[in-house]
Amino acid sequence: MLQALMSMAAYPFREIEKKWQTYWESKKTFRTPVDVDTTKPKYYVLDMFPYPSGAGLHVGHPEGYTATDIVARYKRMCGFNVLHPIGWDAFGLPAEQYALRTGTHPRITTERNINRFRQQLQSLGFSYDWDREVDTTDPNYFKWTQWIFLKLLERGLAYEAKVPVWWCEELGTTLANEEVVDGKSDIGGHPCERRMLRQWVLRITHYAERLLEGLDHTDWPQSTKEMQRNWIGRSQGAEIDFAVKGLESPLIRVYTTRPDTIFGATYMVLAPEHPLVEQITTKDQLPEVHHYQLLASRKSDLERTELQKNKTGVFTGAFVMNPATQGEIPIWIADYVLSSYGTGAIMGVPGQDERDWAFAAKYDLPIVRTVQPPADFTGFAYTGDGPAINSGFLNGLSISEAKEKIIEWLEKDGVGTRKVNYKLRDWLFSRQRYWGEPIPVVFEDEQVCSLPENALPITLPELEEFKPSGTPEGPLALAEDWIITTNPDSGKAARRETNTMPQWAGSCWYFLRYIDPHNSECLVDSELEKYWMPVDLYIGGAEHAVLHLLYARFWHMVLYDAGVVSTPEPFAKLVHQGMILGELEYTGWKNHETNQWVSSEYVALGKHIETDVHLEAILIHQDQVIKDGENFVLKDAPHIQLDVRAHKMSKSRGNVINPDDIITQYGADAFRLYEMFMGPLEQVKPWSTRGVHGTFRFLNRVWRLITDQPLSDQEPNRTQLRLLHQCIDRVTSDIEALRMNTAIASLMEFTNAAFKWKELPRKIVEPFLLLLSPFAPHLCEELWEWIGHEESLAYMSWPDVQQEHLKEDMVDLPVQVNGRVRATIRVAMDADQKEVIESALDEPNVVRFLEGKPPKREIYVPGRILNLVSG
RNA sequence: GCCGGGAUGGCGAAAUUGGUAUACGCAACGGACUUAAAAUCCGUUGGCCGCAAGGCCGUGCGGGUUCGAGUCCCGCUCCCGGUACCA
């Protein structure tokens, strides 16, 4: 009964949404034919495709997906050919781990999850072209991922190298850096060791400069470009050779960005792993040096950086000559110097480097300032600019002048060269996993042989078990039948590569496959590629700011060089949607023993900061909370401050919102609308289920507005036309700028106004429904049909703004005296200054504040403001 | 530490880019309808003073530029994200 009444009150969104989803699917409304009319402009709107996890869609997915869907629907109505696809980034660890626990093949799990995701996305009414769905685990897809690998190999961009990886004997597997803590496995706490293993590596460093430079030509968030720049980490400096005392060779080469400070180099440090350590260390120092090397090798990268405050090192007993001063300086080894950057050796310049200062201070090494700090400088190492001192022929020069001069000198003397360095490392591309793309090579007599294109795809063998193989080769090593093969080129016996590709591989190029998803001849037809690329708008999470977006750009540049694609950069414009947090929470802290509240200013990490007593966090309803100055406090106990915060959604916190529940209760349209209405797309914002209720209410109002009475066939009046065209104007520019929140506000304002009209002209309602349709497509399709249309509105023309309707004849003009509003007067929009001032001076309040005197100065901005300045 | 982004009502947020600060929505309060509740509709809502007209204060803090500053400039504070021995 209650249910019946409620559904009577609300518009029948369940039936409507189901009806239109079925309609779009059966009519293939959003199919983009392969043979589109390429004389029309194109728009490629891309979502970061999801990893189909077992947990299903979370509320973060539809945020970006709704934004792109609105743009796609809008662009279609503007006459563009729109490419708006979706797919699945389905290789990855969770399915493999699930397989380990349950014995279910990852293929089964993946398929199940994909079906769930597809159904969820369809229930949101997204206008994807489902005929172009891609799945990275589909052999017809990863055939081309493997093909690209062959291209990389062919171009010398993939190579094998022995690189250190964490190996856990007990677990019989290699582990990622993050899985190893304190030299022990994160799971189980088994001892791990660094092993040098043969791994595939991609030469992304070859593209460092171009990856950096290409950023200048993209419309991407500043922060993301900056993160990529930092990741690539270009620096300019010099490499300098130091001669070891008493040895003809070898020379020790250091890299520095501050060659100008060489006169202050009072010692040298090698990384503990530096290959020359063994050779130069004196007999006396050898035991100590070996001990230090051993300790350093056990530390994980994380630990090495965590211990940065406390520098350690050991003297090798050897000395080098400083080429500038001709003085002897000692050689140390210390783990604050990384073997993987620069040359793995530095010159220690404590006067101008904070780390070197700390090291020198600890081990009592000499400190020489080579840049004059300002008089008021009170710190230790001085890294700022200033004139060079204690630096011979460099004295008096600024840093940049001194750098130039010293590099010239080094190069002339043959002891150094100008050098650019990058932090970017080559990309470790092997994984010892089952659920990934097999690497398309075989080994014949230990020699790598790439497989011919017609051997692709190399599919995964069926395994009974997914346990680690117990050797560093990964689970595929157990598939003996699969491993043993012949090299198709030579016909001789060969073994397959048992490592697989990392999860990033499939997502590096998926946007290309959407263009031509069923092509069995090539990765993508080049004519189609030329038409559709680059991606015009790419929306996805900021968590991919570096890795995915850098790897994809790298592969794309390689494909560009190989002539497969026509643009060097794949994504013209990129936007990150902000994370959606849980509902705002008010938390009070209570001492469990005494049952008394503790004000939040005394709480840190769930404990009382003075007594260290563990406190209980209690969620408090908003009604019990009041704001007192800066703080929120308990209404009944105003001296008790509360914590107010929206937290990241998490299972453990219990604040996860399931999209399915919201759709069931309010419908997809209200859900979409709410996610867009919350605030600016890029911003982090807290969820509010009451807010969904608000957009749901709005949609109900629209429903009633149009269904409660028949439309009028009368010509709209001037006000109606003005409000409509203002709405068209704002919604159009807001969608273009992805300001969905203010577009919706405009649509609401229009609806509020229309509710007050006695008659509703058809000529107003029709454009309004078109404006609303990208946001709430189901409702608008239904109402479009209701008012007498037989065809979907998906391809109706987007309404045009007519400038003449935007103008208002009369405005309420604020009149200021000395910059403060004292009256508003109703004047013609284009009234001239003289008459505006005259009518302003009729206002008693204006006269009062002018104290009867004529204004000294008048500023008039027609339609905006009149400001009178008194004497 | 460094890089990037922020700070506006009880809450999410607007502000035509220097021109009436708080649009739109949520919450709250008052009213209508109802046996009642839900739903819906109407109204009020930054603070202080005032019967009112109106006034004063107000966009994290302190200065400045300007007829006029949320917006521009200088100096801070705090919050969020990223990153960190990269020589």
Side-chain angles (χ1 to χ4, degrees), chain A residues 2 5-6 8-10 221-227 229-231 233 235 237 254-258 261 269 304-309 311 334-338 340-343 345-349 352-356 358-359 421-424 542-543 545-546 578-579 584 622-623 625-627 630 632 644 646 674 677-680 682-695 697-698 700-701 704 730 733 739 741-742 744-749 752 755 812-822 824 844-845 848 855-859 861 863-870:
Chain A
L2 194 72
L5 277 172
M6 274 183 69
M8 244 168 77
Q222 203 48 49
S223 56
T224 302
K225 290 197 206 183
E226 213 43 53
M227 279 164 77
R229 287 191 188 110
N230 291 339
W231 190 265
S235 68
V254 303
Y255 174 70
T256 176
T257 55
R258 292 292 304 275
T261 63
V269 184
R304 258 170 93 145
T305 54
E306 265 174 3
L307 294 169
Q308 61 183 275
K309 299 271 147 49
K311 299 209 171 3
D335 66 3
Y336 85 92
V337 173
L338 308 173
S340 56
Y341 182 76
T343 61
I346 62 149
M347 58 183 203
V349 191
Q352 280 69 232
D353 185 288
E354 281 160 14
R355 297 153 301 180
D356 293 348
F359 191 77
N421 242 317
Y422 301 91
K423 283 193 233 174
L424 186 69
E543 67 273 19
V546 179
M579 201 197 309
L584 198 69
Q622 205 202 319
D623 294 354
V625 174
I626 192 168
K627 193 165 188 183
E630 295 283 279
F632 285 88
V644 184
Y674 172 66
F677 188 58
M678 292 172 89
E682 297 89 336
Q683 196 163 301
V684 178
K685 353 166 225 271
W687 177 266
S688 157
T689 298
R690 292 295 325 185
V692 187
H693 195 78
T695 53
R697 218 141 59 178
F698 164 66
N700 276 292
R701 276 164 66 80
R704 287 200 311 272
R730 289 165 65 187
S733 55
R739 288 185 302 246
N741 54 332
T742 49
I744 294 165
S746 301
L747 291 161
M748 286 172 167
E749 279 178 78
N752 290 344
F755 245 87
D812 290 314
L813 188 81
V815 180
Q816 298 183 329
V817 177
N818 297 326
R820 319 207 47 165
V821 179
R822 298 303 177 185
T824 46
N845 211 36
R848 190 177 131 212
K856 201 176 83 180
R857 203 177 149 186
E858 298 126 0
I859 296 105
V861 184
R864 286 263 89 97
I865 203 136
L866 174 69
N867 190 8
L868 303 174
V869 185
S870 72

query = Reckon A:Ser235 has a side-chain N or O less than 4.0 Å from the OP1 or OP2 of B:A87?
reply = yes
message = Counting the atoms with a prime plus P, OP1 and OP2 as sugar-phosphate, which does A:Lys423 contact under 4.0 Å by heavy atoms, base, sugar-phosphate, or nothing?
response = base
message = Which nucleotide, if any, forms a Watson-Crick or G-U wobble pair with B:A38, using both distances under 3.5 Å?
response = none
remark   = The answer to which of A:Gln622 and A:Ser746 contacts RNA chain B further toward the 5' end, by nearest nucleotide, is A:Ser746
query = Considering only heavy atoms from C-beta outward, does the side chain of A:Ile744 approach that of A:Tyr674 to under 4.5 Å?
reply = no
request  = Determine the interplanar angle of the A:Tyr255 and A:Tyr341 rings, folded into 0 to 90°, and report it as parallel if under 30°, tilted if 30 to 60°, perpendicular if over 60°.
outcome  = perpendicular
request  = Look at the side-chain N and O atoms of A:Gln683 and state whether any lies under 4.0 Å from the OP1 or OP2 oxygen of B:A13.
outcome  = yes
query = Under 4.0 angstrom, heavy atoms only, what part of the nucleic acid is A:Gln816 near: base, sugar-phosphate, or nothing?
reply = base
Test log, rule side chain to side chain donor-acceptor pair (under 3.5 Å), inputs A:Ser235 and A:Asn421 = CA-CA 5 Å; A:Ser235 68; A:Asn421 242 317; 5.5 Å; no
ask   = Does B:C26 have OP1 or OP2 sitting under 4.0 Å from an N or O in the side chain of A:Arg697?
value = yes
query = Using a cut-off of 4.0 Å on non-hydrogen atoms, how would the nucleic acid contact of A:Tyr674 be classed: base, sugar-phosphate, or nothing?
reply = nothing
Short side-chain N/O contact from A:Arg730 to OP1 or OP2 of B:U16, under 4.0 Å = no
query = Looking at A:Asn741, does any N or O in its side chain come under 4.0 Å of the phosphate oxygens OP1/OP2 on B:A23?
reply = no
request  = Check whether any side-chain nitrogen or oxygen of A:Arg857 sits under 4.0 Å from OP1 or OP2 of B:C67, and answer yes or no.
outcome  = yes
key: Selected nucleotide, minimal atom distance to A:Val821 side chain, candidates B:U20, B:A87, B:G68   = B:U20
inquiry  = Classify A:Gly694 by what it touches in the nucleic acid, base, sugar-phosphate, or nothing, heavy-atom distance under 4.0 Å.
reply    = sugar-phosphate
query = After noting the C-alpha distance and the side-chain angles of A:Asn752 and A:Arg701, does the key distance pass the side chain to side chain donor-acceptor pair (under 3.5 Å) rule?
reply = CA-CA 9 Å; A:Asn752 290 344; A:Arg701 276 164 66 80; 2.7 Å; yes
Presence of A:Asn818 side-chain N/O under 4.0 Å of B:G68 phosphate oxygens OP1/OP2 = no
query = Think A:Arg739 has a side-chain N or O under 4.0 angstrom from the OP1 or OP2 of B:C24?
reply = no
query = What is the base-pairing partner of B:A28, counting Watson-Crick and G-U wobble geometry with both distances under 3.5 Å?
reply = B:U44
ask   = Under 4.0 angstrom, heavy atoms only, what part of the nucleic acid is A:Asn421 near: base, sugar-phosphate, or nothing?
value = nothing
inquiry  = Just N and O in the side chain of A:Arg822: are any of them under 4.0 Å from OP1 or OP2 of B:G55?
reply    = yes
task = Using a heavy-atom cut-off of under 4.0 Å over every strand shown, decide if A:Pro680 touches base, sugar-phosphate, or nothing.
result = sugar-phosphate
ask   = With a 4.0 Å cut-off on heavy atoms, is A:Arg820 in touch with a base, just the backbone sugar-phosphate, or nothing at all?
value = sugar-phosphate
message = I want to check one thing: is the phosphate of B:G55, taken as OP1 and OP2, less than 4.0 Å away from some side-chain N or O of A:Asn845?
response = yes
